[in-house]
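Data first, discussion second: the structure below is written as structure tokens.
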Amino acid sequence: MQQITCVPFYTAAHYMAMTQTQIKALPPRWCLMRNKAMSKAGWVAQNYITPEGEESGSVMVSHQKPQEPDPYILKKGIDPVAQAQDLVREVYEREFQSENSVLPSAFDPTVARNYFTDDIVAWLASGNIGAHPLYGAQDFDGAISDPMPDPQQPMLRGMITINVDFTNFGKKQRAVFFLQADPSKPVSALQF
């Protein structure tokens, strides 16, 4: 089984920054899981999920400062288009969470390298962005659809195209993301 996401969403860094009272007040987490063949998916209570290599019922808690995730590494045996779709979904989820917590945005220079190529990281760090990279506007008030592979050509010569339709202040728009493995990185990592 592969874990896609869990709700409520929080990173290890956010969790470690919470007080015991805040941790106890958290609602039970549910995780979206899918099988290896990607033919079935469904929600499972997190307390029923045991990561590979861990015995059932054992819980390991670390009080060390968590590190940011490694770049989004392509996993063998999993459709790269589905992985690109998950990466775009992760950027949107991270953006949403950063607006409501201490979690840094995917556009924060401290974590941008996990999602974007070096030239885009430099552009983000320059501060000369203008409009929000996800919404193409200064503000957002609307709804976002689930990221979907381009129906005409999801992948061409290693470039994966993911579309995100959204409504901002009543106007329908589309963000188009082009992702590919970055050969300049030591591992094959998907990046924008």
Side-chain angles (χ1 to χ4, degrees), residues 2-9 11 30-43 69-100 103-109 111-124 128-185 187-192:
Q2 180 188 16
Q3 182 175 303
I4 307 303
T5 190
C6 293
V7 292
F9 177 82
T11 65
W30 285 81
C31 299
L32 180 59
M33 305 292 289
R34 68 177 173 205
N35 65 353
K36 187 175 181 178
M38 297 191 315
S39 60
K40 293 182 182 180
W43 291 92
D70 288 332
Y72 206 84
I73 299 168
L74 285 168
K75 297 176 181 89
K76 290 184 179 183
I78 299 176
D79 177 20
V81 174
Q83 290 181 68
Q85 187 177 3
D86 289 344
L87 178 59
V88 172
R89 188 179 295 116
E90 182 178 316
V91 167
Y92 275 92
E93 287 176 3
R94 186 175 185 109
E95 181 62 22
F96 174 76
Q97 291 299 319
S98 72
E99 293 169 1
N100 300 298
L103 177 71
S105 163
F107 307 109
D108 185 297
V111 294
R113 67 170 180 76
N114 295 332
Y115 301 102
F116 305 101
T117 55
D118 292 339
D119 58 330
I120 295 178
V121 171
W123 172 67
L124 292 167
N128 297 324
I129 300 171
H132 193 285
L134 293 180
Y135 313 122
Q138 295 293 331
D139 298 317
F140 180 77
D141 181 31
I144 303 166
S145 70
D146 194 40
M148 297 301 292
D150 186 81
Q152 266 67 43
Q153 200 150 31
M155 184 162 64
L156 176 66
R157 295 184 181 102
M159 180 72 73
I160 301 169
T161 305
I162 303 292
N163 299 324
V164 178
D165 293 322
F166 63 95
T167 305
N168 191 12
F169 290 101
K171 183 178 179 188
K172 292 185 180 204
Q173 297 178 322
R174 172 173 281 178
V176 180
F177 298 94
F178 301 102
L179 298 94
Q180 64 184 18
D182 186 349
S184 70
K185 302 290 182 186
V187 293
S188 184
L190 268 178
Q191 293 190 309
F192 291 79

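Numbers for residues simply follow the sequence, beginning at 1.
Scanning for side-chain contact (heavy atoms from CB on, under 4.5 Å) contacts around I129 gives W123, L124, P133, with sequence neighbours left out. Applying the side chain to side chain donor-acceptor pair (under 3.5 Å) criterion to T161, with sequence neighbours excluded, gives no partner residue. With sequence neighbours excluded, the residues satisfying side chain to side chain donor-acceptor pair (under 3.5 Å) with N163 are D150. Partners of D146 by side chain to side chain donor-acceptor pair (under 3.5 Å), not counting sequence neighbours, listed by chain and number: R89. Evaluation of the side chain to side chain donor-acceptor pair (under 3.5 Å) rule for Q173 yields no partner, not counting sequence neighbours.
Between R94 and P104 there is a side-chain heavy-atom pair separated by less than 4.5 Å. For the pair F178 and I160, the minimum side-chain heavy-atom distance is 4.5 Å or more. Q180 has its side chain out of reach of T117: every pair of non-hydrogen atoms, C-beta onward, lies at least 4.5 Å apart. Side-chain contact between Q85 and P149 is present, with heavy atoms from C-beta onward closer than 4.5 Å.
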>> Applying side-chain contact (heavy atoms from CB on, under 4.5 Å) to M33 and W43, what does each step give before you reach the verdict?
In response: CA-CA 6 Å; M33 305 292 289; W43 291 92; over 6 Å; no
> Does the pair Y135 and I144 meet the rule for a side-chain contact (heavy atoms from CB on, under 4.5 Å), with working shown?
Replying inline: CA-CA 10 Å; Y135 313 122; I144 303 166; 3.8 Å; yes
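For residues 155-176, the set of pairs meeting the salt bridge (Lys or Arg N to Asp or Glu O under 4.0 Å) definition, not counting sequence neighbours, comprises D165-R174.
Across all their heavy atoms, V91 and A106 have their closest contact at CG1-CB, 4.0 Å. Counting all heavy atoms, side chain and backbone alike, L134 lies closest to F177 at CD2-CZ, 3.8 Å. Shown here for Q97 and L103, the closest heavy-atom pair between the two residues is CB-CD2, 3.7 Å. What you find for Y92 and A175 is that their closest heavy atoms are OH-CB, 3.8 Å. Between S98 and E95, the shortest heavy-atom contact is OG-O, 2.8 Å.
At most 12 heavy atoms of other shown residues, nucleotides or ligands fall within 6.0 angstrom of atom CZ in F96.
F107 and F116 have their aromatic ring centers within a separation under 6.0 angstrom.
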